[in-house]
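All remarks here apply to the structure that follows.
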Amino acid sequence: MAEYTALVVEDSPTMRQLIVFALKRLPALKVIEADDGVDALKKLQSSKFDILITDINMPIMDGLKLVSLVRKDETHKEIPIIIITTEGAQEDRQRALALGANAYITKPIQAPHVINTVKQLLKL
Amino acid sequence: MARDDEDGPIEAAAGRGKAPIEPEDRIEELLAARQEFLQVFKRGAEFTEELMRENERLRYRVAELEKNISGVEAANRSFADRYVEIEQENNNLLNIYVATYQLHSTLDYDEVLRAITEVTLNFIGAEIFTVTAVESTPRGGWEPKLLVAEGLDWGTAQEVPVSPIAHEVIETGVPHFVSELEGVDADLSSPVVCVPLKIKELTIGVLSIYKFLRQKKRLASVDHELFTLLAGHAATAIFAAKLYTDSKRKLTTIQGFIDLVTSSSTSE
């Protein structure tokens, strides 16, 4: 029985499937998917989530904008946020963490790294 | 020899007025006590010897256990290493499964190209790359046709001639890799990785990677497995999608022609 719900925001279906499959190894976690920042905000408004995993480069609304809006949202302002991105520069990492992200993972990802980060943030 | 009327130390110890103990009895008593003492001493000696043997056995057992513990520790380390290996293998298989699934989940030509782009970008970590199809010419040669350009604009990519490395890869069907990725600058005339897209022995295209993401320092085993996968599956997926698109187009044309003929004959 899932105790936690994760929202995975990623425009690439391939990458999204990889993250979802990786997270399936955590039985306590139910995973909901979103295509971009706007889709994610709609889902955040209609349900309560325990963790948010998002890409940065996405159409319509990027991941950084999403992070800043989530941190202002009363319901989800405390939610742990993991960024998964191709942007590997130190300044990108610092910008994301300054906006309120809790963890920053660069692509290509290692599934165990993502799983461990989720476990650490949810204290599983 | 002690006289009968004199109290000896034994009599003194026994107390005056009591019947004197005969020396012979006393000697026997002492001998019995000596014997008893010797028995006790002997038992003590035996017990000590037994303890020493037990000690020796325990020492041997401790040494054996220590040996076993080091064996168990070595087994534990081996299990831990194996666990890490299996985790890595699981991770690799997950990547390969998702990549294969995405490549073969559609017959739409553009979606297949998008899947190849996503696998190369997100799973392998390439920043600048192109996918070029090899099309046969009537004179038996081949000519390149750019299918994907990522990290550089389409116009620039189209102007880039097929590099000698890519040319050789197309001709031989053997992939090209450089071992060290760190500090390599993008050079459009010399890809760092060049993988043929093959259907059996026929090369139908080539994936040329000019630059990897800055965090990608070296090629891992999973990258080589993904290149092998792309080499086979991407080619098949492109080929199948192209056939499907062509046949669909032809079908639409034929259907249009049939509709035209049918409507003309009806109006007459």
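None of these values were measured; they are calculated from a predicted model. For the numbers below, each heavy atom of this structure counts, side chains included, while hydrogens, waters and symmetry mates do not.
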Subject >> Check: B/Phe227 ring centre within less than 6.0 Å of B/Phe177 ring centre >> reply: yes

Original post:
Do A/Tyr4 and A/Phe49 make the cut of ring centroids closer than 6.0 angstrom?
Top reply: no

**OP:** Please state whether the side chain, the backbone, both or neither of B/Gln88 comes within less than 4.5 Å of a heavy atom of chain A.
**Re:** side chain

Subject >> Test salt bridge (Lys or Arg N to Asp or Glu O under 4.0 Å) applied to B/Glu64 and B/Lys67, step by step >> reply: CA-CA 5 Å; B/Glu64 237 180 11; B/Lys67 201 172 139 190; over 6 Å; no

Original post:
Given a strict heavy-atom distance threshold of 4.5 Å, which part of B/Leu103 is in contact with chain A: side chain, backbone, both, or neither?
Top reply: neither

Original post:
Any side-chain donor-acceptor pair under 3.5 Å between B/Gln102 and B/Glu118?
Top reply: no

Subject >> Contact origin within B/Asn95 toward chain A - heavy atom pairs under 4.5 Å >> reply: both

Subject >> Residues B/Asp108, B/Arg114: salt bridge by 4.0 Å N-O rule >> reply: no

Subject >> Contact class of B/Leu94 relative to chain A, heavy atoms under 4.5 angstrom >> reply: both

Original post:
Based on non-hydrogen pairs under 4.5 Å, which of A/Ala89, A/Pro13, A/Ala22 is most in contact with chain B?
Top reply: A/Pro13

